[in-house]
Student: 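If you scroll down you'll find the structure; I have some questions about it.
Chain naming here is simple, since letters A, B, ... match the order of the sequence lines and numbering starts at 1 in each.
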Protein chains: 2
Amino acid sequence: MSIKGLFPIDKWDFKSESIFADLRPDDFELLTAHKSEHVYKKNDILFREGTYPSGIFFINKGKVKKYKVDKDGKEQIIYLANTAQLIGYHAVLSGDRYPDSAAVMEESVITFIPKEDFLKTLDQSPALNNRLLKTLSHEFAVLANSLTMFAQKTVRERLALQLIVIREKHKVDSIEGAPVEINISREDLASLVGTARENVIRILTEFKEKGILETKGRKIIVKDINTLIKIANHK
Amino acid sequence: MSIKGLFPIDKWDFKSESIFADLRPDDFELLTAHKSEHVYKKNDILFREGTYPSGIFFINKGKVKKYKVDKDGKEQIIYLANTAQLIGYHAVLSGDRYPDSAAVMEESVITFIPKEDFLKTLDQSPALNNRLLKTLSHEFAVLANSLTMFAQKTVRERLALQLIVIREKHKVDSIEGAPVEINISREDLASLVGTARENVIRILTEFKEKGILETKGRKIIVKDINTLIKIANHK
DNA sequence: CTTGAAAAGTGACTTTTTTCAATTCTAAAA
DNA sequence: TTTTAGAATTGAAAAAAGTCACTTTTCAAG
């Protein structure tokens with residue numbers, strides 16, 4: 001296997017950030033009783049919008065996009081999830097179908113936990129309940145923020161903002177000290193920003209000319225984060 | 001008092017839709033121990049983005065908008081809440097500040113419940129926990145949908161969609177059989193759709209010319225909901 | 001009734017974004 | 001190394017949305 005620096009389920013971070021932070025050992029035992037681990041290739045689909053969930057997914061190592069597809073097949077990315085994040089639990093909790101799809105953006109190792117185990121653990125663990133309520137409320141606030149951004153910011157501002165956010169996320173998986181290389185297709189970037197691919201390219205070119213960033217093949221390296229922040233906040 | 005058709009807290013709907021549906025009588029007792037009821041005038045503010053929450057609000061009768069304000073003072077409405085809905089609980093759950101503000105859109109009767117009572121009830125009621133997790137997950141899906149709409153639909157399509165949604169919400173408070181009168185300022189409508197007031201007015205004029213709707217003073221009456229649906233889905 | 005302030009509406013113009021039709025580049029397979 | 005399909009890029013033109021300055025309407029207080 002070509003993947004280095006795994007985040008194995010047996011060593012999940014029990015510190016504050018994790019959604020399973022307050023889980024007692026026996027609850028954790030119950031939760032992971034029937035876990036299974038898989039290596040997914042780029043573009044593999046974890047789940048599809050409109051289907052019923054069978055469980056939740058934990059990203060041991062990799063990148064996953066959550067997205068919706070409209071009638072014309074145009075894709076809108078809602079969220080980028082990275083190493084050590086949990087996805088697909090909203091639908092399990094709501095008891096409804098998946099509201100969006102999830103696909104792997106690069107080779108990734110992902111642990112699957114059947115929904116029965118997740119729900120059973122939830123039943124016996126008030127700590128997990130509290131943590132989930134907190135997480136969901138927080139996620140809601142973040143999404144409300146995104147909504148405002150989409151409604152009020154120009155494409156240029158949104159792109160600047162997304163570059164900042166993605167760069168921050170990429171930091172988790174990149175080598176300390178080295179410049180952070182943003183590795184994302186122009187198509188996905190456009191889908192995240194909510195515009196056409198051509199538009200993204202034009203603005204990236206402008207940023208390049210201004211020395212804000214450099215490209216190395218398809219990769220983007222931010223050179224001047226401060227100007228990027230200014231652009232994102234302008235207006 | 002000029003308000004008719006109240007939805008008093010003592011008669012909260014215990015049926016499936018309510019967030020307090022599964023609450024046992026003694027939990028309900030604890031929850032409402034220190035409730036207080038107020039009549040708010042149009043434009044009164046319930047809470048402001050960035051402040052810490054002191055409790056939750058139940059709309060006995062009326063209309064409330066949740067919104068965010070950007071650096072230029074431009075307002076973005078996130079959600080319209082109506083009679084029998086609960087608002088302001090996200091911040092209480094996340095333990096953080098309010099992510100948005102809430103203001104009353106017309107004279108409204110609202111019950112306030114201190115956060116201590118809400119959290120205490122939450123502690124002793126697994127039913128309320130489950131219900132909230134379900135509600136939050138669902139709300140998340142709805143918001144994700146809004147986000148996609150903002151990212152992919154034109155202003156015209158978004159306006160058509162919002163008119164349909166607002167009309168549906170107004171049904172709750174209007175007389176059975178009578179045509180539903182949508183009562184919202186062009187400014188608020190623009191803020192909801194995420195565009196300039198002038199744009200909204202132009203599109204409304206177009207819809208009027210095509211016989212899709214009529215206006216009665218400031219009120220909007222939808223005449224041809226099917227065409228509106230077609231416009232909202234076009235593309 | 002008046003009437004004045006706030007809200008709604010109009011028109012001309014600018015800027016932003018989309019669309020379409022090429023062309024060039026890149027990375028992985030042969 | 002060569003090949004080649006998919007991705008990235010560019011240019012030009014059209015469409016959508018935003019802005020500004022101004023007029024008209026509405027509604028409620030006097």
Student: Give the intermediate values and the outcome of side-chain contact (heavy atoms from CB on, under 4.5 Å) for residues Glu37(B) and Val109(B).
Tutor: CA-CA 7 Å; Glu37(B) 204 172 290; Val109(B) 183; 3.6 Å; yes

Student: Can you measure Arg156(A) atom CZ to dT16(C) atom P for me and round it to whole angstrom units?
Tutor: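 After rounding, the gap between these two atoms is 9 Å.
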
Student: Could you please name the option among dT18(C), dA8(D), dT19(D) that lies closest to any side-chain atom of Ile201(A)?
Tutor: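 Looking only at heavy atoms from C-beta outward on Ile201(A), the closest nucleotide is dA8(D).
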
Student: Apply ring-ring contact (aromatic ring centres under 6.0 Å, His included) to Phe112(A) and list each qualifying residue two or more places apart in sequence or on a separate chain.
Tutor: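 Testing Phe112(A) for ring-ring contact (aromatic ring centres under 6.0 Å, His included), a comparison that skips the adjacent residues, returns Phe57(A).
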
Student: At less than 4.0 Å, is any side-chain N or O atom of Asn199(B) found next to OP1 or OP2 of dA17(D)? Yes or no.
Tutor: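 No, outside the criterion.
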
Student: Return the value, rounded to whole Å, for the distance between atom CD of Gln152(A) and atom P of dT16(C).
Tutor: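 In whole Å, dT16(C) P lies 17 Å from Gln152(A) CD.
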
Student: Salt-bridge test for Glu49(A) and Arg97(A): reply yes if a basic N is under 4.0 Å from a carboxylate O, no otherwise.
Tutor: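 Here Glu49(A) does not pair with Arg97(A) in a salt bridge, since their nearest N and O are not under 4.0 Å apart.
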
Student: Would you indicate whether the side-chain heavy atoms of Ile182(B) and Lys219(B) approach each other to under 4.5 Å?
Tutor: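 Side-chain contact under 4.5 Å: no.
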
Student: Note down the inter-axis angle between the two ends of the helix from dC1(C)-dG30(D) to dA30(C)-dT1(D), five pairs each, to the nearest 10°.
Tutor: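 It comes to 40° between the two terminal axes.
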
Student: So, are Asp100(B) and Lys68(B) salt-bridged, with charged N and O less than 4.0 Å apart?
Tutor: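 No.
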
Student: Rounded to whole angstroms, how far apart are CD on Glu209(A) and C1' on dT9(D)?
Tutor: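 Result: 12 Å.
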
Student: Determine the sole option in Tyr89(A), Phe47(A), Tyr67(A), Tyr52(A) for which the ring-ring contact (aromatic ring centres under 6.0 Å, His included) test with Tyr98(A) is passed.
Tutor: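 It is Phe47(A); the other options fail the test.
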
Student: Quick one: on DNA chain C, does Arg197(A) or Lys216(A) contact a more 5' nucleotide (nearest heavy atom)?
Tutor: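 Looking at DNA chain C, the more 5' nearest nucleotide goes with Arg197(A).
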
Student: Measure the shortest side-chain to side-chain distance between Glu139(A) and Thr135(A) over non-hydrogen atoms and say whether it is less than 4.5 angstrom.
Tutor: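 Yes - at least one pair of side-chain heavy atoms lies under 4.5 Å apart.
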
Student: Which whole-number value in Å describes the distance from Glu198(B) CD to dT23(D) C1'?
Tutor: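 Distance check: Glu198(B) CD to dT23(D) C1' gives 13 Å.
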
Student: Scan Leu86(B), Ile19(B), Ile110(B) and name whichever one has a side-chain contact (heavy atoms from CB on, under 4.5 Å) with Phe58(B).
Tutor: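 So the option named by the test is Leu86(B).
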
Student: Want to settle it: does Leu204(B) or Arg158(A) sit nearer the 5' end of DNA chain C, counting the closest nucleotide to each?
Tutor: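 Closer to the 5' end of DNA chain C: Leu204(B).
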
Student: Rounded to whole Å, please give me the gap between CD in Glu206(A) and C1' in dT15(C).
Tutor: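 One finds 14 Å between C1' of dT15(C) and CD of Glu206(A), rounded.
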
Student: Any idea which of dT9(D), dT19(D), dA17(D) is nearest the Thr154(B) side chain?
Tutor: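 Side chain of Thr154(B) sits closest to dA17(D).
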
Student: Rounded to the nearest angstrom, tell me the gap between atom CD1 in Ile220(B) and atom C1' in dA8(C).
Tutor: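 That distance rounds to 11 Å.
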
Student: When you measure from every atom of DNA chain C, which of residues 180-192 of chain B have a heavy atom less than 4.0 Å away?
Tutor: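 Here the set is Ser185(B), Arg186(B), Glu187(B).
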
Student: Among Met105(B), Lys169(B), Lys61(B), find the residue that satisfies the side-chain contact (heavy atoms from CB on, under 4.5 Å) test when tested with Asn82(B).
Tutor: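 When Met105(B), Lys169(B), Lys61(B) are each tested with Asn82(B), the side-chain contact (heavy atoms from CB on, under 4.5 Å) holds only for Lys169(B).
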
Student: Is Thr205(B) close enough to dG9(C) that one of its side-chain N or O atoms is under 4.0 Å from OP1 or OP2 there?
Tutor: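 For dG9(C), OP1/OP2 do not have a side-chain N/O of Thr205(B) under 4.0 Å.
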
Student: Within this structure, what is the CD-to-P distance between Glu157(B) and dT18(C), rounded to whole angstrom?
Tutor: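 Spelled out: CD on Glu157(B) to P on dT18(C) is 13 Å.
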
Student: Starting at atom CD of Glu106(A), determine the distance to atom P of dA28(C), rounded to an integer number of angstrom.
Tutor: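 My rounded result for the distance is 13 Å.
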
